[in-house]
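This report refers to the structure that appears directly beneath it.
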Amino acid sequence: MASEQDDPIQAAIAGEIRLLDPEVRSSAVLMGELMDPEFTEIGASGRRWDRLSLITALSQDPDPSVVPIAVSDMEGRLLAPGIVHLTYVSDNNGRQARRSSIWRRSAQGWRLYFHQGTLSAD
């Protein structure tokens with residue numbers, strides 16, 4: 001079995017799962033380690049986020065007792081060396097969304113570069 005360092009898709013999946021962990025989401029430091037300095041997001045609400053605004057919003061309202069976000073149908077594709085695209089469905093206490101993330105490798109490791117969520121009626 002390949003390690004996360006050898007398998008870019010598994011490295012991106014591991015990073016994505018970590019970012020969904022309530023403990024990581026409540027820590028500006030831990031989130032910052034996983035997010036690219038040029039990170040942007042289009043949230044399920046339609047709001048556009050940058051790295052600092054998302055880290056600030058999530059870490060200022062930490063609730064580590066929150067049930068973790070459930071994930072299904074996670075798939076990854078290597079788009080180019082150092083670039084991985086993930087898609088999956090999230091379920092946050094009944095609020096489902098289709099998600100798309102782009103991870104890129106840097107000198108610091110794999111970091112989330114772009115994320116988009118779209119609410120799902122499924």
(message) Checking one residue: Val89. Which other hydrophobic residues are in its cluster under the side-chain 4.5 Å linking rule?
(response) none
(message) Could you tell me if Ser90 and Arg99 have a donor-acceptor pair between their side chains, going purely by distance under 3.5 Å?
(response) yes
(request) Report yes or no: does Ser27 contribute a side-chain atom to a donor-acceptor pair with the main-chain N or O of Val24 at less than 3.5 Å? (result) no
(request) Over all heavy atoms of both residues, which pair between Leu34 and Gly15 is shortest? Give the atoms and the distance, please. (result) CD1-O, 4.2 Å
(message) Just so I know, are the side chains of Met31 and Leu58 near enough to count as touching, which here means a heavy-atom distance under 4.5 Å?
(response) yes
(request) Identify whether Leu86 and Leu78 are in the same connected component of the hydrophobic contact network (ILVMFWY, side-chain heavy atoms under 4.5 Å). (result) yes
(message) Quick check: closest heavy atoms across Pro22 and Pro68, and the distance to 0.1 Å?
(response) CG-CA, 4.0 Å
(message) Within the structure provided, determine whether Thr87 and Met74 are in side-chain contact (heavy-atom separation under 4.5 Å).
(response) no
(request) Measure the shortest side-chain to side-chain distance between Leu112 and Asp36 over non-hydrogen atoms and say whether it is less than 4.5 angstrom. (result) no
(request) Can you tell me which residue pairs pass the salt bridge (Lys or Arg N to Asp or Glu O under 4.0 Å) test with a partner in residues 74-83, sequence neighbours excluded? (result) Glu75-Arg77
(request) Verify, without hydrogens or angle tests, whether Arg25 (side chain) and Leu19 (backbone) share a donor-acceptor contact under 3.5 angstrom. (result) yes
(message) Nearest 0.5 angstrom please: Arg95 CZ to Ile69 CD1, how far?
(response) 9.5 Å
(request) Could you tell me whether Glu38 and Arg104 make a salt bridge, using a distance below 4.0 angstrom between a side-chain N and a carboxylate O? (result) yes
(request) Report yes or no: is the cationic atom of Arg51 (NZ for Lys, CZ for Arg) closer than 6.0 Å to the six-membered ring centre of Trp49, at no more than 45° off its axis? (result) no
(message) Could you list the cluster mates of Ile42? Members are the ILVMFWY residues connected by side-chain heavy atoms closer than 4.5 Å, either directly or through other members.
(response) Leu79, Ile83, Ile102, Tyr113, Phe114
(message) The test is side chain to side chain donor-acceptor pair (under 3.5 Å); show your working for Thr118 and Arg98 and say whether it passes.
(response) CA-CA 5 Å; Thr118 303; Arg98 295 195 179 277; over 6 Å; no
(message) If I compare all heavy atoms of Trp110 with all of Pro8, which pair ends up nearest, and what's the gap?
(response) CZ2-CB, 3.3 Å
(request) Please report the shortest heavy-atom distance between Gly76 and Ile9, naming the atom on each side. (result) O-CD1, 3.7 Å
(message) Rounded at 0.5 Å granularity, tell me how far CZ in Phe39 sits from OG in Ser53.
(response) 8.5 Å
(request) May I ask you to check whether Ser100 and His85 show a side-chain donor-acceptor distance below 3.5 Å? (result) yes
(message) Here's a test for you: under side-chain contact (heavy atoms from CB on, under 4.5 Å), which of Ile13, Asp91, Leu20 qualifies with Val71?
(response) Leu20
(request) Locate the shortest heavy-atom distance separating Glu33 from Arg111; write the atom from each residue and the value. (result) O-NE, 2.8 Å
